[in-house]
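One structure is given here, and the rest of the page talks about it.
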Amino acid sequence: MLQLKRTFQGMLSLFLEGTCPLCQRSTAQVLCQDCQCQVQRCQLPKEERSLQQSCPVFAWGVYSGLLKRMLSALKYENQPQLSEPLGQWLAESWLQSGKSVMSAASIVVPIPMYEGKKRERGYDQAELLAESFCAASGLRLRSQGLERIENTTAQFQLSPEEREQNLAGAFQLGRALQRQPSQSVFLLDDIYTTGATIRSATQTLQHHGIQVSGVLTIAMPKMTLQTALT
């Protein structure tokens, strides 16, 4: 479905030009060339993309500059098409890392939004990112692997301690994983900050005997990255 959509959009782009959602310049692509170059500058060096946390994290870029602006537009400005290049860039760097060889049998589960928020927004950005990532990487997607059952407060408003409390019991196993998979799971989210969301989701999966092999994320704040590397 995603490939068909991309083909259709590619055909349309031969005849029509839109505007770049980040700078409003005319472009036939999702982003204009200038904005794409600026976002690409936020990509992490190869040696800093893989972080050995309690659950290994693979991050594409630093949550700053135009990458931060792009993620904000994706989430809050009704620009779901921005998920396509972001998911593809994450997949490309993942494949280049060589980790994909060991993970070919794994499945990808996006961190879900609360259903009410998803209806209000019209889409779940992590689900769209995972769809694009899986289309480019070849890993299998399980969009309904987890379900968020608590309408939690936005994490950026909270302290690290409050984040953990906020997400306690926030998830339950989704229907896509009701039959326990033999494959391990990679969780995918747009931003990795303190890891509280990932820990809560991981606990839910592990409670059902499902192994979590790692985390895939588009961006990580500088402070989180510095802490992880020290």
Roughly how far, to the nearest 0.5 Å, is [atom2] of [Y] from [atom1] of [X]?
X: Ile218; Y: Ser132; atom1: CD1; atom2: OG; result: 8.0 Å
X: Gln96; Y: Arg49; atom1: CD; atom2: CZ; result: 6.5 Å
X: Leu31; Y: Leu86; atom1: CG; atom2: CG; result: 8.0 Å
X: Met70; Y: Cys42; atom1: CE; atom2: SG; result: 10.5 Å

More than 12 heavy atoms from other groups under 6.0 Å of CD on Glu120: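 Counting neighbours around CD of Glu120, 12 or fewer heavy atoms of other residues, nucleotides or ligands fall under 6.0 Å, so no.
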Whether over 12 other heavy atoms sit under 6.0 Å from Lys118 NZ: yes
With sequence neighbours excluded, residues passing side-chain contact (heavy atoms from CB on, under 4.5 Å) with Cys55: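 side-chain contact (heavy atoms from CB on, under 4.5 Å) check on Cys55 returns Val212, Val215.
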side-chain contact (heavy atoms from CB on, under 4.5 Å) involving Gln79 - partner list, sequence neighbours excluded: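 side-chain contact (heavy atoms from CB on, under 4.5 Å) check on Gln79 returns Pro21, Ala73, Glu77, Gln81, Leu82.
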Among Trp94, Phe58, Phe133, ring-ring contact (aromatic ring centres under 6.0 Å, His included) partner for Phe186: Trp94
Donor-acceptor side-chain pairing of Gln40 and Gln36 below 3.5 angstrom: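 The criterion, which ignores hydrogens and geometry beyond distance, is not satisfied for Gln36 and Gln40.
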Any side-chain donor near an acceptor of the partner, Ser184 and Ser106, under 3.5 Å: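 Their side chains do contain a donor-acceptor pair, which is all the 3.5 Å distance test asks for.
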Met113 to Asp124 - nearest heavy-atom pair and separation: N-OD2, 2.9 Å
Exercise: identify the closest heavy-atom pair between Gln125 and Asp190: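 Scanning both residues completely, I find the closest heavy atoms to be NE2-OD2, 3.6 Å.
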Matching residue for Cys134 among Ile107, Leu129, Val108 - test: side-chain contact (heavy atoms from CB on, under 4.5 Å):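 Looking at Ile107, Leu129, Val108, the match for Cys134 under the side-chain contact (heavy atoms from CB on, under 4.5 Å) is Val108.
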